[in-house]
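Okay, so here's the structure we're looking at.
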Amino acid sequence: MEELAQVVVDVPTMQTNQPYTYAIPAEFRERLTPGMRVVVPFGKGSRVIQGFVVGFINQSDYEGELKAITSIVDLYPVLNDELLDLSAWLAQLSFAFRISVLQTMLPNVMRAKYTKYVRVIDEIDEDVLFSIFHGQDEIEFDEAQMEPATVSKLLDLRKHNQVEVSYQVGNRARVKTTLGIQPLLEFEAYEEERAGLTKTAAKQSTLISYLQTLKPTDVIAKKTVSEVTGLSDAIITTGEKKGWLAKVPMETYRDPMKDYDIQATTPLELQATQAEALAAINAADGTAKTFLLEGVTGSGKTEVYLQAIANVLAEGKTALMLVPEISLTPQMMRRVRGRFGAAVAVLHSGLSDGERFDEWRRIERGEARVVVGARSAVFAPLENIGLIIMDEEHETTYKQDENPRYHARDVAAWRSAYHNAPLVLGSATPSLESRARAEKGVYELLLMPNRINNHPMPTVQVVDMRQEIINGPESNFSTDLLAAIQDRISKGEQSVLMLNRRGFSSFVMCRDCGFVLECPNCDIGLTLHMDTKSMKCHYCGHEEAIPHQCPNCQSNAIRYYGTGTQKVEQELQELIPGAKIVRMDADTTRKKGAHDKMLTAFGNHEYDILLGTQMIAKGLDFPDVTLVGVLNADTSLGLPDFHAAERTFQLLTQVSGRAGRADKLGEVFVQTFNPEHYAIKLAQMHDYERFFRTEMQMRHAAKYPPYYFTIKIQASHAEEREAALKMSQVGRWLKNQLGTDAIMLGPTPRSIARINNRYYYQIVLKYRQPEELDAALSELLERAQSEAKHGLQLSIDREPLSFM
DNA sequence: AGCACGCCGACT
DNA sequence: GTCGGCGTGCTC
């Protein structure tokens, strides 16, 4: 009886979304284990592709002849049993292909790169040999790069068996090496060498002494040797020539924090509520219990996390700490690194592919035992996890909005159950789902209602912008806010101003005829970008010149409308001429490190005012900021989405937390056209509990989560008719599958119906029995497969965060 | 995804 | 008659 490998192949389609059985050549049998990547022949031409071994079986019921694995890519499995199991579960949960999930779990560089080659195997025309092959017998076959005529000539040659096409699976993962040196002689042998030196050869003697301190197996980086001994490269090279040492390549890690100045930190003393929370978490050690740590901004959640991590590390376990991308600031990383040193690995989007790969390897080898990272870090290959923390658990960035559409919270819960490790969800403004679960006793609620040292919460003023408009000229700044900013400048204190830009942008509109400049591909207004002096589409990247004349009525009264950070900065500069303003938005922070630089400069009082978008709302901590202004609280309130109130409340609460964290009292101004809205009023009163109850009633009445599950089904096609037609078919079919308590909304065209010349239609389902629906939805995806050939794309999004 | 098989229109 | 269009189905 022969063992066979089950391989998930790198072909992301519905029909290939299953393991294929391959024979294992005898020479691989000892080495191959599940979780390794392999190269296998697949399909008619037996082109080679990458696959993941997910298991072994003894017998296959496949009728045809089994092919054999071509080669093994990895020396050690890149995915352990846990992650393999997780991938199967997650693929099903998120309606994604298993291969997509497996790829998502690994650093980018481990994704296979395929190259196609054509090789001459018969006599061919000399002209062709020169013009296409440049005299070589094999060239890369890149159809996208080649002339169409060349491609068809090559296909023709292949048909006549004059050339053959082959495929190669490339591995982009590169291990970085530096030069190291290794001693080659024994202590006595070195003494003899020393005796043979002339009296003037002091440096060589130093080198010998150094080499004598090493063990024969030691490999020391050449750089280190130079630093320790003060010897130059020339001497080391002499040592090599004389046979004292060997230069060997040493594997090194690209350290994303190498430029950081890390100061060791020690545990801080805890307040009573912090100590209670920590005790509860520590007591849950070894059980898959979920906590909701609801602590106001400034209550010291991070310190609780760090001490809880220290506790599991002391038991020889590992810890995973998830934070939103935006909180992965250098300050935060310094704090964690300062506490746990080299045991910490960080994973975030700012890393280069190489750095990410190296951090991943440090985790995989067990060298890093604490992982801090954004969403995808939830797949970190840690063994023996003792604790999982998810900070700011309500953050929307934990949900991936492309395939596989998973929520990191679900993955964290799965891993918590697998490892019998507690999961701590932390937030000042928990998501309704989580808070509701705590209410039902599914999660244990830990409350930290007080700020450290009982700093009072800042006072929040709600400014009614409707009155402002009546009383004066249109402006982004109310009289009160402006006065407050000026007051701070005169006192040498700092202000943070936030422009809420969710679903909002500045666009060009004709004052005479109302014409709005739109993207030719996407049906949405183009956004004005002053830095490039152009109009850009936020969806497809289309760019064109700023119009000076209305294309519709030729009027010159075409100008921009709405508010961008640049425009606000300009206005503020005019209103307060001497103010030093630093603007932080997606444009100014695009460059690597720009973010950190600006914040550091602001922290050093180089500026009076920090003006920015949502990104400034999270986790920044400046002691001299005593004023926070939210310029337009409404833009997130007006979204056509049931999350609107929740998002607004979260944002206002979070940004309020930026004011007055030290001994100085903070003040917050919220400008709004909806001063009576409960999300704004309750944020003003720092009353999460009442917001939770109010919002729960709204959700209950409207049959939305957490009372109902939601699913968004989206279809897109280049032809609007096709997309609409298909979706109504889907709608009719689904109706028959749904139980009586399920509600179907749509199909409707998406609010931005056309993106990149594709038309989008969607159906939203609200339902209570997930089991029944899941089967129907899986079937739907399978049925949609045949339509995919006709240009129809269908996607299913469980618990979508946007319904737009 | 990529390849082969297969069944209908315009040509060496 | 056949060469080749791309619609359909399969890949261990």
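The analysis underlying the following values was restricted to heavy atoms, covering all of them including side chains, and did not include hydrogens, waters or symmetry mates. Order of the sequence lines sets the chain letters (A, B, ...), proteins ahead of strands, with each chain counted from 1.
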If I take atom [atom1] in residue [X] and atom [atom2] in nucleotide [N], what distance separates them, rounded to the nearest angstrom?
X         : N       : atom1 : atom2 : result
Tyr62(A)  : dC12(C) : OH    : P     : 5 Å
Glu65(A)  : dT11(C) : CD    : C1'   : 15 Å
Lys116(A) : dG2(B)  : NZ    : P     : 6 Å
Asp61(A)  : dC12(C) : CG    : C1'   : 11 Å
Met14(A)  : dG9(C)  : CE    : C1'   : 16 Å
Asn17(A)  : dG9(C)  : CG    : P     : 19 Å
Asp10(A)  : dC12(C) : CG    : C1'   : 16 Å
Arg783(A) : dG9(C)  : CZ    : C1'   : 18 Å

Categorize Phe42(A) for me: base, sugar-phosphate, or nothing, with a 4.0 angstrom heavy-atom threshold over every strand shown. base
What nucleic acid atoms does Gln6(A) come within less than 4.0 Å of, heavy atoms only: base, sugar-phosphate, or nothing?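 Touches nothing.
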5'-most contact on DNA chain B: Arg47(A) or Lys44(A), nearest heavy atom basis? Arg47(A)
If you compare every side-chain N and O of Tyr114(A) against the phosphate oxygens of dG2(B) (OP1, OP2), does one of them come in below 4.0 Å?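 The answer is no; no side-chain N or O of Tyr114(A) sits under 4.0 Å from OP1 or OP2.
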Under-4.0 Å side-chain N/O to phosphate OP1/OP2 contact, Tyr20(A) with dT11(C):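 The answer is no; no side-chain N or O of Tyr20(A) sits under 4.0 Å from OP1 or OP2.
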Basic-acidic side-chain contact under 4.0 Å: [X], [Y]:
X         : Y         : answer
Glu3(A)   : Arg29(A)  : no
Lys116(A) : Asp142(A) : no
Asp10(A)  : Arg111(A) : no

In terms of side-chain heavy atoms, does Ser431(A) have a donor or acceptor partner in Glu393(A) at a distance below 3.5 Å? yes
Out of Arg362(A), Arg361(A), Lys176(A), which one pairs with Glu251(A) under the salt bridge (charged side-chain N to carboxylate O under 4.0 Å, His left out) rule? Arg361(A)
What do the steps show when you test Glu720(A) against Tyr761(A) for side-chain hydrogen bond (donor to acceptor under 3.5 Å, both in side chains), and what is the final call? CA-CA 9 Å; Glu720(A) 179 161 27; Tyr761(A) 276 74; 3.1 Å; yes
Flag if over 12 foreign heavy atoms under 6.0 Å of CD, Glu719(A): no
Where along residues 103-113 of chain A does a heavy atom come under 4.0 Å from DNA chain C, residue by residue in number order?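 Hits under 4.0 Å, by residue number: none.
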